[in-house]
Amino acid sequence: MAIVFDGTRESYVEGLSEFLGSGRNTLPEWVTDLRREAISGFGNTGFPMLSDEEWRFTNLDVLRRTSFSIVGNGISDVSEKTVDSYGFSGLSCVRLVFVNGRFASPPSDELRDEEGVIATSLSKAACEYSDLVRNHLARYADYEKDPFISLNTSYFEDGVFIYVPDGVVFEKPVHVLYISTDEGQPMFVNPRNLIVVGQSSGAKVVEHYVSTSQNVYFSNVVTEVVCGENANLEHYRLEFESQKAFNFSTLRVNQRKNSNIASHSVLCGGALVRNNIHPVLAGEGCNSDIYGLFMSEGRQHMDNFMRVEHASPHCDSRQFYNGVLDGRSKGVFHGRIMVHEGAEKTDAKQTNRNLLLSDMAQIDTKPQLEIYNDDVKCTHGATIGQMDEEALFYLCSRGIPMRKAKIIMLRAFTNETLENMSISSIRDALEDSVMQWFERRLENGSGR
Amino acid sequence: MLEVRNLHVQVDDKEILKGLNITVAPGEVHSIMGPNGSGKSTLAQVLAGKETYEVTEGEITFQGKDLIDLEPEERACEGIFLAFQYPVEIPGVANTYLLREALNAKREYWNEKPLKHVEFAKLAREKMRELGIDEDLLKRSVNTGFSGGEKKRNEVFQMQILEPRLSVLDETDSGLDIDALKIVANGVNSMRGTERSFIVITHYQRLLNYIVPDFVHVMVDGKIVKSGGKELAQELEEKGYAGF
């Protein structure tokens, strides 16, 4: 039995009662209340229009035209071998697997260790660690104003729950794999993740989105992160969805005093991708390092929307996003820095560099500073260009073939962001993926 | 080794080289001098294969092969090396990586096995010591943040690693203090031999005190207007180019 959404606002609003009665909602009653409250947000807004300033470069008509359904039983046909193929060689990690939005118990390694670290599915955690989940779930991501967060909060079935208690530095990365499979019709999947890192604690979380088919589906992700006082979190978001997929995601981070986060996003798949990164530096002395690399080809559209909110004094933020665009693809980098009234001594920096590999590729890059304090330092810079001809000639004049010279130049460009990843096996694997992507581009005659 | 016959080259429809002739035999060092804008650097870039320079007439033969049809990388593998007047900065690409790739590309071209990391490191260290280059320079990005002197020394260092048959040094001496100049000159002199040739492009006679040429050519308005022995350089230093 499938719950079908025909693209209209009404279908998404009215579908909720069917969803709640379908037995797919395995979460406690208080979540049901939350869902009912959340859907009114989408009811008020619907999908955003181009006239909406935050969406002016991304046309969502296609979402209004496409039917999606909540369907399938999840774990059906993904073999352990397939799951393993998405691993990172040499990486010792805790692995959690979700198939079409639902938890796949084997082959996942659920964790509850003697120090109190928990890594499990959110639907389980909502029952077993009800207070912990209830204290944080949907407290940060704004389901009233943001239509995609509203939809996710209303329709999520599962996602990862990670909890690291005070004073524990959990070294092993948690690799969360979200696999989409062919269910015969375009799916609507809403992974919902909650990561809570306690005081003076540390964690590394890798969200990894992949697909076994090249189908159309709508993956609408929300991740809420609470980074406790003096805590460190390294977060990865690796988006390798189907080339026909819609991937919308929000990373909403709440940072307490003296906490540090590093966010790494790598976007490669998807027909239409929106990547929202929204840290709130809520306590004094926080640090946010936000890195991203997006690569698009064909008619892919990748929209990166940064909203870095400085709400307390003496916080530093760094945004560093690089884009590589080929074919007729389009990219967007919208970098908003908001400095609240009390946030003196803010030091915020933003850089977006783009490499265009074809005449038809397009990038819209837009910094946006909203500053309500006089004692701040905010800088932004953007570049758009092609491969440096002089540098290519220099490399070739040393005997390096043109093709190899281009690969060397692209590697240098993409490494500007990848090199900041602390997990070397992931960094190496991504470097390989980037190179394979570029080799394919070169074979298609692109990559000038 | 190199024969350039009646070479005409234009850039953006403007003719820069207007019927240039030069012949370089194995083991010879030729110096090309001339006023700014006479086309010296154009000649250097054309020899290396820069696409923006269009050869409209004439021929270039290198070791019996028609050079004009070869890509820049093929010319390099055949044994041509250009020490750039303005070495290009390439952030994010380590100097050592560039050099190893370059050397191995050349070895592959000649069906030789690539050098292993260890072998390459040993070779690089040896050459660096001779040139008084800090080892740290290997790890740094190509020419990025290098001082003027470091860039020029790095060019000579690359030349030593790649062991070209014909090296074209485009104003490698400009901007160097006397100590750096001596190091660069020693780097060149140590490679001189019966099979290796050099074209040294310079404004100043000073360099030629250290790299003593077999021939000196005066280039004016896209042509070589006078050729002679090393004493010609001295004469130019005294009288200038006004007579041409």
Side-chain angles (χ1 to χ4, degrees), chain A residues 266 291-293 295 320-324 351-355 357 381-421 424 427-428 430-432 434-435 438-439 442 447-448, chain B residues 44-53 70-95 97-110 112 114 141-144 151 154-155 157-159 161-165 167-168 170:
Chain A
V266 175
Y291 303 104
L293 172 65
M295 296 178 297
F320 207 95
Y321 260 66
N322 278 10
V324 185
T351 309
N352 168 230
R353 303 197 339 117
N354 301 287
L355 190 58
L357 301 178
T383 61
I384 300 168
Q386 299 151 21
M387 277 204 189
D388 182 347
E389 296 280 345
E390 296 296 323
L392 288 173
F393 176 61
Y394 188 78
L395 292 171
C396 292
S397 79
R398 288 341 184 208
I400 296 171
M402 181 53 101
R403 184 188 166 94
K404 179 84 190 185
K406 285 180 174 174
I407 289 172
I408 290 174
M409 293 297 290
L410 188 94
R411 187 191 294 262
F413 183 74
T414 54
N415 275 359
E416 287 179 4
T417 56
L418 299 182
E419 71 184 6
N420 299 293
M421 298 179 169
S424 57
R427 192 177 60 227
D428 294 347
L430 288 169
E431 209 178 293
D432 288 349
V434 170
M435 287 306 126
F438 189 56
E439 299 254 1
L442 288 173
R448 61 168 187 202
Chain B
Q45 298 269 326
V46 167
L47 290 175
K50 180 87 186 233
E51 261 183 19
T52 42
Y53 295 89
L70 297 184
E71 296 294 332
E73 57 268 32
E74 293 171 314
R75 299 180 191 204
C77 291
E78 285 289 335
I80 289 185
F81 179 89
L82 169 62
F84 280 58
Q85 181 180 5
Y86 304 110
V88 183
E89 298 194 5
I90 313 180
V93 178
N95 220 8
Y97 180 77
L98 159 66
L99 262 179
R100 203 177 60 239
E101 287 294 328
L103 184 59
N104 284 336
K106 191 170 181 177
R107 292 175 71 96
E108 195 184 323
Y109 187 85
W110 292 105
E112 291 169 46
S141 290
V142 177
N143 295 319
T144 310
K151 283 182 182 168
N154 192 34
E155 295 292 286
F157 170 54
Q158 292 181 8
M159 179 179 82
I161 295 279
L162 296 173
E163 300 189 312
R165 293 191 176 127
S167 300
V168 183
D170 189 5

- Message: Less than 4.5 Å apart, side chain to side chain, heavy atoms only: is that true for Y97(B) and R411(A)?
- Response: yes
- Item | Distance in Å, L98(B) CG paired with I408(A) CD1, rounded so as to fall on 0.5 Å steps | 7.0 Å
- Task: Find the one option among G49(B), A102(B), G92(B), A105(B) whose heavy-atom pairs under 4.5 Å with chain A are most numerous.
- Result: A102(B)
- Query: Given a strict heavy-atom distance threshold of 4.5 Å, which part of E390(A) is in contact with chain B: side chain, backbone, both, or neither?
  - Reply: both
- Message: Does atom CD (E51(B)) have a neighbourhood of more than 12 heavy atoms from anything else shown, all under 6.0 Å?
- Response: no
- Message: Is P87(B) close to chain A through its backbone or its side chain, or both, or neither, when contacts mean heavy atoms under 4.5 Å?
- Response: both
- Answer whether the closest heavy-atom distance between the side chains of K50(B) and E389(A) falls below 4.5 Å. no
- Query: By a 4.5 Å heavy-atom criterion (distance strictly below it), what part of M409(A) contacts chain B: side chain, backbone, both, or neither?
  - Reply: side chain
- Task: Using side-chain hydrogen bond (donor to acceptor under 3.5 Å, both in side chains) as the criterion, point out the one residue from E73(B), E101(B), Q158(B) that pairs with R398(A).
- Result: Q158(B)
- Query: Side chain, backbone, both or neither: which part of E71(B) has a non-hydrogen atom closer than 4.5 Å to chain A?
  - Reply: neither
- Note on the structure: To the nearest 0.5 Å, atom CD of E89(B) lies from atom OH of Y394(A) at 10.5 Å
- How far apart are the closest heavy atoms of V93(B) and A412(A), and which atoms are they? CG2-CB, 3.7 Å
- Query: Do Q45(B) and F393(A) touch side chain to side chain, with heavy atoms closer than 4.5 Å?
  - Reply: yes
- What pair of heavy atoms forms the shortest contact from G399(A) to A76(B), and how long is it? N-CB, 3.3 Å
- Neighbour count >12 (heavy atoms, 6.0 Å) for atom CD, E419(A): yes
- Message: Heavy-atom cut-off 4.5 Å, strictly under: side chain, backbone, both or neither for I90(B) against chain A?
- Response: side chain
- Under 4.5 Å to a heavy atom of chain A? For N104(B) that would be neither
